Structures are given as C-alpha cells and as structure tokens.
Amino acid sequence: QLQLAESGGGLVQPGGSLRLSCAASGFRTDYYAIAWFRQAPGKEREGVSCISTSGGSTNYADSVKGRFVISRDNAKNTVYLQMNSLKPEDTGVYYCAASGPYDSGSYYCPLYGMDYWGEGTLVTVSS
C-alpha cells in the first residue's frame with residue numbers, strides 16, 4: 001500500500017526554523033514528483049513547493065520563496081521541507097503529496113493533480 005507520512009511539525013516562534021519530513025512507504029520516491037501543501041485555519045489548501053523525480057526542478061509559492069527549501073533523499077525514500085524565517089502566516093497543516101510514476105530523470109514538478117496524500121503535520125508559528 002502506498003503511503004506518505006509527514007513529521008517535524010510543532011510550535012515555533014516567529015523567525016525560527018523547522019524541517020518537515022515526508023517518508024514514503026510502498027513505493028519508491030525516485031519515480032514520483034513530491035509536493036508540499038498547507039492549509040491554514042479557515043483557508044483553502046495551497047501549494048507550497050514541489051520537486052521533480054530527478055530533483056533537478058523545484059518550484060515554490062511566492063509567499064515562501066527565499067525562506068523554504070525542498071530537497072529529496074531517494075535512498076531514504078524521504079522528501080524534506082526546510083522552513084526558515086517562519087512567520088505567523090505560515091501556520092497551518094502541512095501535507096506532502098506524490099504524483100506519478102514518471103521517469104526518474106523527469107523535471108516535471110506539479111502542484112496539482114496529486115495521486116497520493118499524507119495525513120498532515122501541524123505547524124504553528126506564534127510567540
């Protein structure tokens with residue numbers, strides 16, 4: 001069974017950092033583009049970042065550019081989201097999602113039409 005499990009959420013002060021992890025089981029992340037989404041209280045879910053199977057293509061929402069970095073370690077079947085300079089407006093439930101399968105050298109990096117989703121991890125940015 002294909003599953004994604006997020007971890008690393010928590011409470012952090014404004015300006016702080018967190019690293020989220022997305023661990024996959026039941027499939028190899030080499031062949032899947034992985035994306036992070038978030039949903040703030042009372043708002044719709046939005047795409048935050050994505051990374052292609054090759055890792056050669058990444059994309060970020062304007063609101064997180066320069067602060068968040070997505071990366072992948074296919075040997076560990078895990079994708080990470082390093083979040084720096086966090087702001088209260090970054091608060092929300094963060095989900096990872098997978099799209100594929102694609103060629104392992106693909107540069108396709110979608111923030112829509114995802115095939116598999118994790119349960120989410122809560123990030124709260126507050127003083």
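Remember, it's a predicted structure, so these values are computed and weren't measured experimentally. Both backbone and side-chain heavy atoms feed into the values below; hydrogens, waters and symmetry mates do not.
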Side-chain contact, heavy-atom cut-off 4.5 Å: [X] with [Y]?
| X | Y | result |
| --- | --- | --- |
| Met114 | Leu4 | no |
| Met83 | Arg67 | no |
| Ser21 | Lys76 | no |
| Pro101 | Tyr32 | yes |

Is a side-chain N or O of [X] found less than 3.5 angstrom from the main chain of [Y], in a donor-acceptor match?
| X | Y | answer |
| --- | --- | --- |
| Ser49 | Asn59 | yes |
| Tyr108 | Asp103 | no |
| Glu6 | Cys96 | yes |
| Arg72 | Ser52 | yes |

Do you reckon [X] sits in the same ILVMFWY cluster as [Y], going by side-chain contacts under 4.5 Å, direct or chained?
| X | Y | answer |
| --- | --- | --- |
| Tyr112 | Tyr102 | yes |
| Leu18 | Val48 | yes |
| Phe37 | Tyr60 | no |
| Ile34 | Tyr94 | yes |
| Tyr95 | Tyr116 | no |

Atom pair [atom1]/[atom2] of [X] and [Y] - distance to nearest 0.5 Å:
| X | Y | atom1 | atom2 | value |
| --- | --- | --- | --- | --- |
| Trp117 | Arg45 | CH2 | CZ | 3.5 Å |
| Gln39 | Glu44 | CD | CD | 8.0 Å |
| Gln82 | Ile70 | CD | CD1 | 12.0 Å |
| Ser85 | Lys87 | OG | NZ | 8.0 Å |

What heavy-atom pair brings [X] and [Y] nearest, and what distance separates the two atoms?
| X | Y | value |
| --- | --- | --- |
| Phe27 | Asn77 | O-ND2, 2.7 Å |
| Leu111 | Cys50 | CD2-CB, 4.0 Å |
| Asn84 | Ser17 | OD1-OG, 3.0 Å |
| Leu122 | Val93 | CD1-CG2, 4.0 Å |
| Thr29 | Ala24 | CG2-CB, 3.5 Å |
| Ala35 | Pro110 | CB-O, 3.8 Å |

- Message: Looking at Gln3, I'd like to know if its CD atom is crowded, meaning that more than 12 non-hydrogen atoms belonging to other residues, nucleotides or ligands lie closer than 6.0 Å.
- Response: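 Yes, because the 6.0 Å sphere around CD of Gln3 holds more than 12 heavy atoms from other groups.
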- Query: So with a 6.0 Å cut-off around CZ of Arg28, is the heavy-atom count from everything else above 12?
  - Reply: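 12 or below, so no.
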- Message: Restricting to side-chain contact (heavy atoms from CB on, under 4.5 Å), what partner residues turn up for Val125, sequence neighbours left out?
- Response: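 Val125: side-chain contact (heavy atoms from CB on, under 4.5 Å) contacts with Val12, Pro14, Leu86, Pro88, Asp90, Thr91, Val123.
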- What residues, two or more places apart in sequence or in another chain, satisfy side chain to side chain donor-acceptor pair (under 3.5 Å) together with Ser71?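 If we apply the side chain to side chain donor-acceptor pair (under 3.5 Å) test to Ser71, skipping adjacent residues, there are no hits.
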- Message: Just to verify, which of Asp73, Leu20, Ile51 counts as forming a side-chain contact (heavy atoms from CB on, under 4.5 Å) with Tyr80?
- Response: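 In the set Asp73, Leu20, Ile51, the residue that makes a side-chain contact (heavy atoms from CB on, under 4.5 Å) with Tyr80 is Asp73.
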